[in-house]
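In what follows, every chain begins at residue 1, and chains take the letters A, B, ... in the order their sequences are listed. Note that the structure is a prediction, hence the values are computed from the model and not measured.
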Amino acid sequence: MVKISLIINAQPWEIQVEPDETLLDAIRGKVGLTGTKKGCDSGECGACTVIMNGRSVNSCLVLAVEADGQEITTIEGLSHGQELHPLQAAFISEGAVQCGFCTPGMIMSAKALLDSNPHPSEQQIRQGMAGNLCRCTGYGRIVAAVEKAAQLIGGDRLDATGSRQTGNQV
Amino acid sequence: MQQVVGKPATKYDAFEKVTGQAQYIQDLTQPRMLWGKILRSSLPHARILNIDTSRAEKLPGVKAVLTARDLPRHKIGFGNDNEVLKGSKVRCVGDEIAAVAAVDEGTAQEALALIRVEFESLPGVFEPLLALSDPSVLVHEEKGSNLSISYQFMTDEKGVEAALDQAAVMLEDRFVLPFVTSAAMGTHGCMAAFRNGQLTMWSPTQVPFLYLHELSLALGIPGSRIRVIQPTIGGGFGAKLDMYPYEGACAHLAMVTGQPVKILFSREEEFQASRPRQPMLIDLVTASDREGRLLARKAKVICDNGAYNSWGSTTPFVGMQTVSSLYRVPNVRYEAQIVYTNNPYSGAMRGYGNPQHTFAVESHMDMLASKLGMDPLELRLLNANRSGDVTPQKMQITSCAFSETLRQAGENLGPLPSEQGKLRGKGLAGLIHVGGGARVYRSDGCGAVVKLDDMGRVVLLTGATDMGQGSDTVLAQIVAEVLGVEIKDVRIINNDTDLTPWDVGSHASRTTFIAGNAALLAAEKVRGELIAAAANSLQVAPESLILRNKRVCVDDNPERFIDLPKLIRSLHFREGGKVLVGEAFYDPPTEMQDQHFLGNVSVAYAFGAHGVEVEVDAGTGVIKVLGVTAAHDLGKAINPLGIQGQIEGGCAMGLGYALSEEMKVLEGRVINGNFLDYRLLTAVDVPEIKGIPVESEELAGPFGAKGIGESCCIPTAAAVANAVYAATGVRIKELPITPDKVLQGLNELRHVSGGQVP
Ligand code: FES
Ligand code: FES
């Protein structure tokens with residue numbers, strides 16, 4: 001067991017992990033945040049996507065020890081109380097959720113995309129989400145949700161916790 | 001004017017899902033929970049000589065190791081040809097041999113590696129045609145043959161032959177369909193707890209009551225001691241229709257250890273050991289007169305069943321309907337053979353045999369059109385079923401907007417303007433599917449209870465399972481509409497057999513229709529009681545009252561009203577009062593087919609058509625799908641937003657079937673059991689999909705609705721094949737349509753036409 005310290009959703013954590021334990025297993029098993037999903041455990045489905053230091057990663061491909069000292073955002077870190085992040089709200093309103101198993105990973109990938117490119121074209125959205133598989137929706141509603149969220153956010157950069165800096169609506 | 005039904009509604013449980021709070025089987029835990037693991041066969045066919053579990057048992061942290069010796073020898077599965085753990089013989093790779101429970105996953109895994117199994121390897125049989133013709137390898141010796149089930153439907157034999165003799169045009173072709181798999185993002189898993197003689201099973205099953213029954217038979221404990229709770233289901237698509245052997249093993253582990261036990265599938269297990277869609281060989285004969293009127297159809301179908309029967313062994317029921325009843329065809333002969341092999345055993349997957357059969361039938365329609373020099377749309381319209389038709393299998397077509405869907409999806413068919421080396425074309429394919437339940441089991445019923453409490457909160461208890469498709473939302477809409485409340489005021493309880501009434505399960509696209517009707521009837525009963533009570537208290541005639549905005553009010557004088565909570569309290573808070581509960585059971589007026597496969601299995605049938613536009617690179621054979629138009633006769637769109645999602649998702653699955661998906665099985669072993677090698681389409685691959693709901697107002701449906709869940713994926717692959725033909729002149733009769741097959745076809749054409757690229 002190795003002790004690591006990291007920040008998850010703005011909370012500092014110290015946890016004991018096995019040297020070969022993935023960040024995904026640590027987040028789900030040790031920290032108890034089960035919103036991040038395991039769809040394949042080998043970097044092929046994107047269900048486990050989280051944001052590490054501003055970049056989206058497949059947490060099943062990151063060793064927990066590699067996350068020592070890093071800052072992580074998971075799906076649980078996006079909403080504030082009952083107030084949803086615009087991406088979450090748009091996934092609901094555009095009908096982008098069916099079984100929902102891919103949804104947390106989709107939203108985290110979309111967040112990383114919008115953080116780096118606030119006004120993506122449809123093609124850029126599709127490319128940005130290509131690492132996230134969905135078996136239910138055919139992606140159309142998901143793309144629509146990301147477009148809608150981009151509008152809601154109004155192009156302002158999100159801060160690290162996903163809050164809007166200013167509230168310009170388009 | 002409807003307030004809720006027909007308006008877009010967001011998914012009932014979307015909030016939990018977008019915030020990561022939804023609890024799937026992967027997320028559930030219990031105090032003292034153990035982890036279970038299954039030792040699976042690495043061989044496709046072998047006798048088990050000995051199993052030594054002694055080293056595994058001694059491993060610290062291991063609480064139980066079970067083999068067939070420890071279990072009652074109950075047969076399980078559809079057809080009773082399977083066991084929870086195999087004691088004497090394994091028949092496919094992945095067969096369950098031993099089950100382990102340990103304090104954590106790692107220990108359970110380690111224990112598996114310590115179990116020694118001595119096998120005597122047997123020759124395997126992996127080709128259904130060979131399995132039929134050569135009985136030297138028998139998957140189930142006691143059956144004496146590898147033929148598991150055969151199906152035969154025939155109109156008058158002489159009529160078929162006479163029609164074939166008279167025909168102006170006759171086509172005969174073989175269509176080949178591969179293994180594909182549901183690949184739900186949420187893998188299988190279950191958790192069992194056995195306390196005080198009662199088993200509680202958490203399982204993402206699509207059919208909780210049939211599952212409970214199967215579990216009781218497998219375990220030999222009465223169903224009255226079993227409770228099934230479904231966590232949020234991470235997709236089903238049919239693969240969660242059967243009770244799996246590992247689930248029986250999990251229950252046994254919980255019984256012997258006295259601790260809760262959970263087993264989860266890895267993705268690799270999901271590929272090898274969940275139920276895929278069956279590969280088929282379809283030999284199809286289609287005959288017509290000179291004008292294109294269909295005269296006869298003959299189909300001979302061989303299905304690779306794999307090692308055991310599952311519900312999937314009954315899919316010819318559905319495929320047969322497409323052969324006999326998608327178009328008007330007076331003379332039909334259909335035969336299917338379900339053949340045991342040592343491959344993974346197939347099951348149900350969205351469409352239940354129909355995508356395979358529709359691929360053959362709708363490819364043939366285009367081939368017939370080109371042979372006759374007819375427009376493919378005109379040929380279809382000429383033969384399309386209409387309202388009032390009774391098909392050769394005695395299916396009664398009620399509402400039917402088939403022709404309308406064909407027209408909507410079938411604009412501008414054929415070759416499209418192309419650029420140098422990029423050949424474009426558009427193809428069409430139609431479909432028929434059950435849309436008003438399907439009596440494949442003695443019951444096709446669903447129960448519903450609607451309860452109102454003194455605060456005006458409405459609860460619907462329904463047996464109907466939502467595995468992601470959105471039936472919970474539709475049911476909430478129906479109840480909200482009838483009771484004049486908002487969707488938000490309706491709570492759905494649909495996942496606990498202790499609370500919910502009987503339902504035969506989420507399959508056959510039946511939930512909106514059947515569970516919707518049950519919910520509608522139950523809500524109407526409550527509505528009747530509310531109206532009667534309000535008429536009394538407002539001193540007006542009941543006919544003058546309506547329910548709206550959580551009130552009962554006088555229709556032409558909305559100022560005269562009583563609020564629902566107040567009205568309900570007036571019934572509760574008095575001597576001789578009553579609770580507001582309405583129950584209903586809806587079982588449609590249909591019949592099981594007789595031994596000749598005659599009978600009206602569904603109250604209503606769903607129709608639809610997909611038009612697909614492709615661009616084929618003449619140099620590489622790579623196909624790019626430019627767009628899909630999917631028109632569906634769904635009776636009435638109760639939730640247009642949900643419908644859109646169903647259509648887009650179904651089309652994407654259909655495009656995957658057409659172009660990229662194939663589970664490759666070599667000597668019984670899945671050799672591409674991961675998402676790098678088994679290619680699901682991604683957001684980049686899926687084009688714009690235009691869903692067109694066509695409303696035909698089915699009289700028997702709730703608010704006119706029919707089922708649509710499976711329809712959306714059924715004709716896509718045939719439409720792609722027809723589009724590829726329109727673009728290139730290459731006819732592909734084997735899925736998936738890969739670039740090498742297209743190139744080979746192009747080369748053959750070049751050869752024939754002396755170097756001319758079509
Ligand atoms: S679980 Fe990490 S990519 Fe699939
Ligand atoms: S919503 Fe089911 S996998 Fe995406």
Side-chain angles (χ1 to χ4, degrees), chain A residues 18 25 28-29 33-47 74-79 82 84-85 87-107 122-123 125-143, chain B residues 8-11 13-24 26-28 106 182-187 232-237 264 266-268 270 466-470 639 641-642 644-653 655 674-676 680-686 688-689 691 712:
Chain A
E18 301 286 350
D25 283 341
R28 288 179 54 83
L33 293 174
T34 55
T36 305
K37 299 298 174 207
K38 185 189 283 188
C40 69
D41 213 17
S42 49
E44 294 156 8
C45 76
T74 72
I75 189 70
E76 289 90 345
L78 283 204
S79 47
Q82 294 304 303
L84 296 179
H85 184 277
L87 271 165
Q88 293 171 310
F91 265 63
I92 296 178
S93 69
E94 298 308 298
V97 180
Q98 290 187 30
C99 84
F101 203 83
C102 71
T103 306
M106 284 284 178
I107 291 179
E122 184 193 329
Q123 211 41 41
I125 295 175
R126 288 188 180 268
Q127 262 146 15
M129 314 290 287
N132 293 73
L133 297 176
C134 173
R135 191 51 150 166
C136 303
T137 66
Y139 309 102
R141 311 283 84 220
I142 291 174
V143 172
Chain B
T10 58
K11 177 95 172 73
D13 56 2
F15 185 94
E16 284 87 333
K17 287 173 172 173
V18 300
T19 52
Q21 296 174 72
Q23 299 260 298
Y24 300 82
Q26 284 77 5
D27 308 322
L28 297 188
S182 289
M185 285 299 120
T187 54
T232 306
I233 302 177
F237 310 110
L264 294 180
S266 66
R267 179 55 63 185
E268 202 186 342
E270 187 76 17
D466 188 286
M467 49 188 166
Q469 80 273 34
N639 180 7
L641 185 64
Q644 202 59 35
Q646 283 284 296
I647 292 180
E648 289 173 7
C651 288
M653 198 176 249
L655 289 176
N674 61 70
F675 287 134
L676 282 186
L680 295 187
L681 298 185
T682 70
V684 174
D685 308 312
V686 178
E688 197 198 329
I689 293 162
C712 333

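Without hydrogens or angle criteria, A:Ser42 side chain to A:Glu44 main chain gives no donor-acceptor distance under 3.5 Å. Side-chain atoms of A:Tyr139 come within 3.5 Å of backbone atoms of B:Leu681 as a donor-acceptor pair (strictly under, hydrogens ignored). Using modelled atom types, one side-chain atom of A:Gln88 and one backbone atom of B:Val18 make a donor-acceptor pair closer than 3.5 Å.
Chosen from B:Ala184, B:Ala183, B:Pro8, the residue pairing most often with chain A at heavy-atom distances under 4.5 Å is B:Ala183. Contact tally against chain A (heavy-atom pairs below 4.5 Å) for B:Asp685, B:Ile689, B:Ile233, B:Leu264: the top residue is B:Ile233. The residue among A:Cys136, A:Gly140, A:Gly35, A:Cys134 with the most heavy atom pairs within less than 4.5 Å of chain B is A:Cys136. Contacts with chain A were tallied for B:Ile647, B:Asp27, B:Thr19, B:Val684; B:Asp27 has the most, counting heavy-atom pairs under 4.5 Å. Chain B forms the most heavy-atom pairs under 4.5 Å with one residue out of A:Pro104, A:Gly131, A:Ala130, A:Cys102, and that residue is A:Ala130. Each of B:Glu270, B:Glu16, B:Glu648, B:Gln646 has some count of heavy-atom pairs under 4.5 Å with chain A, and the biggest count is that of B:Glu648. Here B:Ser182 is the residue among B:Gly650, B:Ser182, B:Gly642 with the most heavy-atom pairs under 4.5 Å with chain A. When B:Ala652, B:Gly468, B:Gly234, B:Cys651 are compared by the number of non-hydrogen pairs under 4.5 Å with chain A, B:Gly468 comes out ahead. Taking A:Gln98, A:Glu122, A:Met106 one by one and counting their heavy-atom pairs under 4.5 Å with chain B, the maximum is reached by A:Gln98.
Contacts between B:Leu676 and chain A at a heavy-atom distance below 4.5 Å involve backbone atoms as well as side-chain atoms. Heavy-atom distances place the backbone of A:Glu94, and not its side chain, under 4.5 Å from chain B. In this structure, the portions of B:Met185 lying under 4.5 Å from any heavy atom of chain A include both its backbone and its side chain. If you measure heavy-atom distances from B:Phe237 to chain A, the contacts under 4.5 Å come from the side chain alone. Heavy atoms closer than 4.5 Å to chain B are found in the backbone of A:Thr137, but not in its side chain. B:Ala22 touches chain A through its backbone: at least one of N, CA, C or O sits under 4.5 Å from a heavy atom, while the side chain does not. Neither the backbone nor the side chain of A:Ala47 comes within contact range of chain B, judged by heavy atoms closer than 4.5 Å. Contacts between A:Ile92 and chain B at a heavy-atom distance below 4.5 Å involve backbone atoms as well as side-chain atoms. In this structure, chain A has a heavy atom under 4.5 Å from the side chain of B:Gln23, while its backbone stays farther away. Heavy atoms of B:Asn674 lying under 4.5 Å from chain A belong to its backbone as well as its side chain. For B:Thr232, the part sitting under 4.5 Å from any heavy atom of chain A is the side chain, from C-beta outward, and nothing else.
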B:Thr187 vs B:Gln26, test: side chain to side chain donor-acceptor pair (under 3.5 Å). Steps then yes/no. CA-CA 8 Å; B:Thr187 54; B:Gln26 284 77 5; 3.0 Å; yes
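Contact annotation: the side chain of A:Arg126 approaches that of A:Val143 to within less than 4.5 Å [non-hydrogen atoms, C-beta and beyond]. Residues B:Gln21 and A:Glu76 form no side-chain contact, since every pair of their non-hydrogen atoms from C-beta on lies 4.5 Å or further apart. Two residues are said to be in side-chain contact when any heavy atoms from C-beta on lie closer than 4.5 Å; A:Arg141 and B:Leu641 meet this criterion. Residues A:Lys38 and B:Tyr24 fail the side-chain proximity criterion, which asks for heavy atoms closer than 4.5 Å. Within the 4.5 Å cutoff, side-chain heavy atoms of A:Cys45 are placed close to those of A:Leu133. Within the 4.5 Å cutoff, the side chain of A:Phe91 has no heavy atoms near those of the B:Thr10 side chain.
Not counting sequence neighbours, the partners of B:Lys11 by the side-chain contact (heavy atoms from CB on, under 4.5 Å) test are B:Asp13, B:Ala14, B:Lys17, B:Asp466, B:Asp472, B:Thr473.
Minimum interatomic distance between B:Gly235 and A:Cys99 (heavy atoms only, all atoms of both residues): N-CB, 3.4 Å.
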